[in-house]
J.: 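Dropping the structure in here first, questions after.
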2 protein chains.
Amino acid sequence: MTDYKTPALTVDVVIFCLREQRLQTLLIKRGVEPYSGKWAIPGGYVRYGEDIDAAALRELGEETGVHNIYLEQLYTFGAPDRDPRGHTVTVTYFALIPDENITIEAGTDATDAAWHVLDELPDVAFDHKEIIGYAHERLRYKLEYTSAGFKLLPREFTLTELQTAYEIVLGEKLDKRNFRRRLLEADVLEKTGQYRSGGEGRPAMLYRYHAKADPQVKARRLYP
Amino acid sequence: MTDYKTPALTVDVVIFCLREQRLQTLLIKRGVEPYSGKWAIPGGYVRYGEDIDAAALRELGEETGVHNIYLEQLYTFGAPDRDPRGHTVTVTYFALIPDENITIEAGTDATDAAWHVLDELPDVAFDHKEIIGYAHERLRYKLEYTSAGFKLLPREFTLTELQTAYEIVLGEKLDKRNFRRRLLEADVLEKTGQYRSGGEGRPAMLYRYHAKADPQVKARRLYP
DNA sequence: ACAAAAGTGTTGAGAGTACACCCATGC
DNA sequence: GCATGGGTGTACTCTCAACACTTTTGT
């Protein structure tokens with residue numbers, strides 16, 4: 001095998017979370033050049049011998065302390081000038097995490113880590129704005145056409161909470177009766193038998209998703 | 001910048017073509033170890049400083065002599081043991097090319113290059129069977145839900161030829177009237193004004209697609 | 001009893017799907 | 001004139017989308 005000089009390889013993970021009724025993403029403040037002081041998507045080098053999915057999970061764990069999380073490969077960006085230090089190809093992922101017991105830990109190369117509302121992003125390093133935009137589009141697509149929205153919620157949730165999640169991501173009001181009918185027909189949820197009380201009004205049934213349920217794209221065939 | 005040891009980086013291109021009423025893919029016979037003598041997807045190392053899309057186009061051009069072709073990034077495979085020579089991450093693409101004036105040229109590392117019917121593939125090297133399967137799935141999806149099928153045909157074609165292309169890829173008969181109605185409503189084709197005569201029966205109108213037409217996924221929203 | 005949120009069915013409109021015959025050309 | 005493939009319209013069905021009231025709890 002000839003020893004070609006190859007580009008460096010990184011993974012970057014766009015992490016989405018619903019916090020305070022807004023869609024937010026986790027950014028870290030870079031502590032090293034280039035772009036020192038700018039915000040960036042969490043990520044890092046793929047170690048030799050390490051599976052790329054595992055690398056993404058590792059980076060996600062290092063930055064957020066969460067594990068066993070929904071992670072999906074997004075796209076691979078490989079323009080030679082995207083990193084001023086040298087040609088660096090990055091495999092990007094996007095993650096959906098629920099807003100619960102997350103301890104954000106700034107890594108060694110980061111001076112800070114913080115959530116940012118998606119519509120009010122600061123200037124970000126590298127081509128990360130493009131990557132975030134791409135991930136956001138994919139998220140909207142996923143919620144528009146699949147029942148994957150529960151991945152943004154804790155293990156147990158009410159149907160109204162789920163609908164609210166969809167409304168935040170899609171940016172529009174949904175019809176309660178139609179929403180519930182479609183979702184229950186999709187057969188991905190099951191009742192827990194428990195109710196969430198304590199708030200105002202009638203207590204709501206708590207649901208969870210059963211693991212065997214695979215939220216499929218519900219697309220319309222173009223040709224019969 | 002610290003100098004991490006990173007995995008090698010390659011691109012691989014799954015090339016689809018309709019030949020002799022079958023869906024076929026181009027494979028090259030490896031002339032070097034490992035897997036010498038086995039068939040593999042065309043591909044090669046990404047050069048330092050080279051854009052990955054450009055690398056895929058270059059590999060495709062070197063193997064088939066075609067340029068200006070429909071190419072789409074598919075997925076990035078990065079299991080550390082997928083190449084016995086060492087950790088090699090590959091960004092895969094899939095290409096649709098029409099069956100016309102293609103001169104297949106075996107590259108330096110290949111002793112041979114040949115088309116293979118997709119349902120009758122030989123043993124292939126590395127994890128290329130998985131990659132081809134993934135690409136095949138994506139192709140079926142694309143034709144099922146979009147009007148991108150014309151990318152498998154020459155610049156000008158008849159509606160029957162297009163319908164046949166869909167039928168071959170999807171593996172089922174389609175209704176002629178519904179097919180034509182949907183396709184014309186999709187507004188991606190235009191009449192050339194020419195007819196294809198010479199065959200038996202009534203001459204058929206030739207169509208081409210207009211470049212501004214972007215074949216969109218026609219999906220059904222899950223929630224109203 | 002009143003405020004607040006949960007939960008539940010029906011109907012009209014529009015799209016999807018199935019289906020059969022006439023038309024233009026070559027031999 | 002006949003064989004071959006090209007081209008066209010309609011009716012039924014089913015899914016989609018809009019819409020309002022009753023129920024349960026806490027105060």
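All values below were derived from every heavy atom in this structure, side-chain atoms included, with hydrogens, water molecules and symmetry-related copies excluded. In the text below, chain A, chain B and the rest are named by the order of the sequence lines, each starting its count at 1.
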J.: Going by salt bridge (charged side-chain N to carboxylate O under 4.0 Å, His left out), name the residues that satisfy it together with B:Arg138, two or more places apart in sequence or in a different chain.
T.: B:Glu72
J.: With 3.5 Å as the limit, what N/O pairs link the protein to nucleotides 23-27 of chain D?
T.:
{"from": "D:dT23", "atom 1": "O2", "to": "A:Arg202", "atom 2": "NH1", "distance (Å)": "2.9"}

J.: My understanding is that only residues two or more places apart in sequence, or in another chain, count here; which of them pass salt bridge (charged side-chain N to carboxylate O under 4.0 Å, His left out) with A:Glu156?
T.: A:Arg208
J.: Taking side chain to side chain donor-acceptor pair (under 3.5 Å) as the definition, give me every residue that meets it alongside A:Asp127, ordered by chain and number, with sequence neighbours left out.
T.: A:Arg82
J.: Nearest whole angstrom, please: distance from the C1' of C:dA15 to the CZ of B:Arg182.
T.: 8 Å
J.: Quick one: is C:dG9 close enough that its OP1 or OP2 comes under 4.0 Å of any side-chain N or O from A:Arg177?
T.: no
J.: In this structure, how many angstroms lie between the P atom of C:dT17 and the CG atom of B:Leu174, rounded?
T.: 11 Å
J.: Can you find a donor-acceptor pair, distance only, under 3.5 Å between A:Arg196 side chain and C:dA5 base?
T.: no
J.: May I have the distance from B:Leu183 (atom CG) to D:dT8 (atom C1'), rounded to whole angstrom?
T.: 16 Å
J.: For the pair made of CD in A:Glu172 and P in D:dA17, what is the distance, rounded to whole Å?
T.: 11 Å
J.: Check whether any side-chain heavy atom of A:Leu153 sits under 4.5 Å from a side-chain heavy atom of A:Leu162, and report yes or no.
T.: yes
J.: My understanding is that only residues two or more places apart in sequence, or in another chain, count here; which of them pass ring-ring contact (aromatic ring centres under 6.0 Å, His included) with A:Trp39?
T.: A:His116
J.: Going by ring-ring contact (aromatic ring centres under 6.0 Å, His included), name the residues that satisfy it together with B:Phe16, two or more places apart in sequence or in a different chain.
T.: none
J.: If you look only at distance, which donor and acceptor atoms sit under 3.5 Å apart when one is on a side chain in residues 18-27 of chain A and the other is two or more places apart or in another chain?
T.:
{"from": "A:Arg22", "atom 1": "NH2", "to": "A:Glu120", "atom 2": "OE2", "distance (Å)": "2.8"}
{"from": "A:Gln24", "atom 1": "NE2", "to": "A:Arg19", "atom 2": "O", "distance (Å)": "3.1"}
{"from": "A:Thr25", "atom 1": "OG1", "to": "A:Ile15", "atom 2": "O", "distance (Å)": "2.9"}

J.: Does A:Thr160 place a side-chain N or O at less than 4.0 Å from the phosphate oxygens OP1/OP2 of C:dA5?
T.: no
J.: Dump the pairs, protein N or O against N or O of nucleotides 10-13 of chain C, anything under 3.5 Å, distances to one decimal.
T.:
{"from": "C:dT10", "atom 1": "O4", "to": "A:Arg181", "atom 2": "NH2", "distance (Å)": "3.4"}

J.: In this structure, how many angstroms lie between the P atom of C:dA5 and the CD atom of A:Glu161, rounded?
T.: 13 Å
J.: Give the nucleotide from the list D:dG6, C:dA6, C:dC19 with an atom nearest to the side chain of B:Asp175.
T.: C:dC19
J.: Salt bridge or not between B:Arg58 and B:Glu62? Use side-chain N to carboxylate O under 4.0 Å.
T.: yes
J.: What is the separation between atom CE on B:Met205 and atom P on C:dC23, rounded to the nearest whole Å?
T.: 18 Å
J.: In this structure, how many angstroms lie between the P atom of C:dA5 and the OH atom of A:Tyr195, rounded?
T.: 19 Å
J.: Rounded off to whole Å, could you give me the CZ-to-P distance for the B:Phe179 and C:dT17 pair?
T.: 14 Å
J.: Could you name each residue pair satisfying salt bridge (Lys or Arg N to Asp or Glu O under 4.0 Å) that touches residues 162-171 of chain B, not counting sequence neighbours?
T.: B:Glu167-B:Lys173
